[in-house]
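Structure, as C-alpha cells:
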Amino acid sequence: MLTTNFGPYTYQNPFMNASGVHCMTIEEMEELADSQAGSFVTKSATVAPREGNPEPRYIDLALGSINSMGLPNRGLDYYLDYAIKKQAEMPHASPFFFSVAAMNVEENITLLKKIQSSAFEGITELNLSCPNVPGKPQVAYDFELTASILKNVFSFFTKPLGVKLPPYFDLAHFDQMADILNQFPLMYVNSVNSVGNALFIDPDTDTVVIKPKDGFGGLGGAYIKPTALANVRAFYTRLKPEINIIGTGGILTGQDAYEHLLCGASMLQVGTQLHKEGPAIFARLNQELSAIMKAKGYQHIDDFRGKLQSITD
Ligand code: OXC
C-alpha cells in the first residue's frame with residue numbers, strides 16, 4: 001500500500017531519516033537499515049572528518065528542535081567505504097542516499113569526483129543549505145553560486161544526484177531557483193533543510209539554549225511544517241516532472257506525511273521527531289499513513305500524490 005516511486009526506483013514506503021539525524025556512525029545507519037524506514041541517508045560528509053561546533057549544539061523543544069551542529073562527520077571515506085559495502089549486501093534493494101556538504105566550490109567538486117569514480121551506485125544528495133558553519137552562508141541562498149556549482153558538477157557527474165535546499169519565503173525566489181534547477185538533469189530536490197538562524201530563549205535563565213553562534217541555530221519540527229509544505233508545493237508546481245521531490249520538515253505523524261505527499265513529495269524525511277523517538281518511529285508512521293489512506297479510500301500513494309486542492313468559486 002505504501003510503495004512509492006522515486007525516479008526509476010520503487011521503495012516499500014516513503015519514509016527515511018533526514019541527513020544528520022541517526023546517521024553519524026555505521027551503527028546508527030545499520031539501525032536505520034534494519035528499521036521499517038523505506039530508505040536512509042548518510043550524514044553529510046566533508047572531505048576530511050570534522051568535530052563540528054561546541055556543545056550544547058542540539059536541543060529538543062516542545063514544538064521541535066534547534067541545532068547548530070556545524071557538520072560534524074567522520075569524513076568522506078568512512079561513509080563511502082560503508083556505502084559500497086552496504087550496497088553489496090542489498091543487491092536487489094532500491095539504493096540508499098549518500099549526503100555530501102562542502103565548505104567551498106572546490107571541495108564540492110572533489111567530493112563529487114570521488115563519488116563519481118567510486119563503486120558507489122546509489123543516489124547522492126548535495127547539501128547546499130547547512131545554516132550552521134560560522135562564516136559560511138547557505139549556498140542555495142546565492143542563486144548565481146548555485147547555478148555555477150551545478151554547471152560544474154554536471155560537466156562530469158553522471159550518477160543520480162539531488163540537492164538539499166534551504167526554505168525559501170518569497171514567490172520570486174521559488175521562480176528563480178526553479179528556473180535554475182530546471183536547467184540540470186537533477187534526480188530530485190529535497191525541501192527543506194532547517195529554518196536557519198532561529199533563536200530560542202530559556203525563560204528561567206534568560207539565556208540561549210545552544211552554545212554556537214550565540215544561540216542562533218536551525219529550527220526543525222512542528223514549527224516548520226507550513227514552511228516545508230509551501231516549499232514542497234512551490235517546487236512541485238514549478239519543476240519539470242523528471243525532478244522528484246523529497247519532503248522534509250515537520251513530519252511527526254501520518255497526517256503530516258499525508259500532507260507532504262498531497263503537496264507532491266515522493267519520499268519523506270524525518271529529522272526532529274526521529275531524534276525524539278528513535279528508529280521505532282518508522283513503524284508508527286507507516287501504520288498512521290496507511291490508516292489515513294484506508295479511511296480516504298486510497299490504495300496507492302500515486303492516487304493522491306500532488307493532488308492538493310485550491311479553493312475555487
Ligand atoms: N542542517 C544541516 O545541513 N546540517 C546540520 N544542521 C542542519 O540543520 C549541521 O551539521 O549543522
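Computed over heavy atoms, backbone and side chain alike; hydrogens, waters and symmetry mates excluded. Indexing begins at 1, ligand by ligand and atom by atom, following the structure's order. In what follows, residues are counted from 1 in the order of the sequence shown.
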Please assess Leu165 against Phe235 for the test side chain to side chain contact (heavy atoms under 4.5 Å, CB included), listing each intermediate value before the final yes or no. CA-CA 11 Å; Leu165 297 176; Phe235 284 119; 3.8 Å; yes
Identify, by atom number and element, the atoms of ligand 1 in contact range of [X], meaning under 4.0 Å from any of its heavy atoms.
X	answer
Pro72	10 (O)
Asn127	3 (O)
Gly70	9 (C), 10 (O), 11 (O)

Going by atom types alone, do Ser191 and Asn231 pair a side-chain donor with an acceptor below 3.5 Å?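 Side-chain D/A pair, Ser191 to Asn231: absent.
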What do we get for Lys43 next to ligand 1 when only non-hydrogen atoms under 4.0 Å count, side chain, backbone, both or neither?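 Side chain only; the backbone of Lys43 stays clear of ligand 1.
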For [atom], what is the closest protein heavy atom, and at what distance to 0.1 Å?
atom	result
atom 1 (N) of ligand 1	Asn193 OD1, 2.8 Å
atom 4 (N) of ligand 1	Cys130 SG, 3.3 Å
atom 10 (O) of ligand 1	Leu71 N, 2.7 Å
atom 6 (N) of ligand 1	Asn67 OD1, 3.0 Å
atom 8 (O) of ligand 1	Ser194 OG, 2.7 Å

List the steps, then state whether salt bridge (Lys or Arg N to Asp or Glu O under 4.0 Å) holds for Lys296 with Asp303. CA-CA 11 Å; Lys296 291 184 185 272; Asp303 296 344; over 6 Å; no
Does the side chain of Phe174 come within less than 4.5 Å of Arg238's, by heavy atoms?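 Touching, per the 4.5 Å side-chain cut-off.
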Side-chain contact test, heavy atoms from C-beta onward, threshold under 4.5 Å: evaluate it for Ile66 versus Ile59 and give yes or no.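 When only atoms from C-beta onward are counted, Ile59 and Ile66 do touch, with a gap below 4.5 Å.
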Can you see whether Phe156 has Lys113 sitting over its ring - NZ or CZ less than 6.0 Å from the centre and within 45° of the normal?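 Yes, a cation-pi geometry holds between Lys113 and Phe156.
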Please verify whether a non-hydrogen atom of Lys164 lies at under 4.0 Å from ligand 1.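 Flag not set, Lys164 not near ligand 1.
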Whether over 12 other heavy atoms sit under 6.0 Å from Glu89 CD: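 Atom CD in Glu89 is packed in, count exceeds 12.
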Would you say CD of Gln12 has more than 12 non-hydrogen atoms from neighbouring residues, nucleotides or ligands within 6.0 angstrom?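 Atom CD in Gln12 is not crowded, with 12 or fewer foreign heavy atoms closer than 6.0 Å.
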Is any N or O atom of Ser68, backbone or side chain, closer than 3.5 Å to an N or O atom of ligand 1?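 No, there is no polar N/O contact under 3.5 Å.
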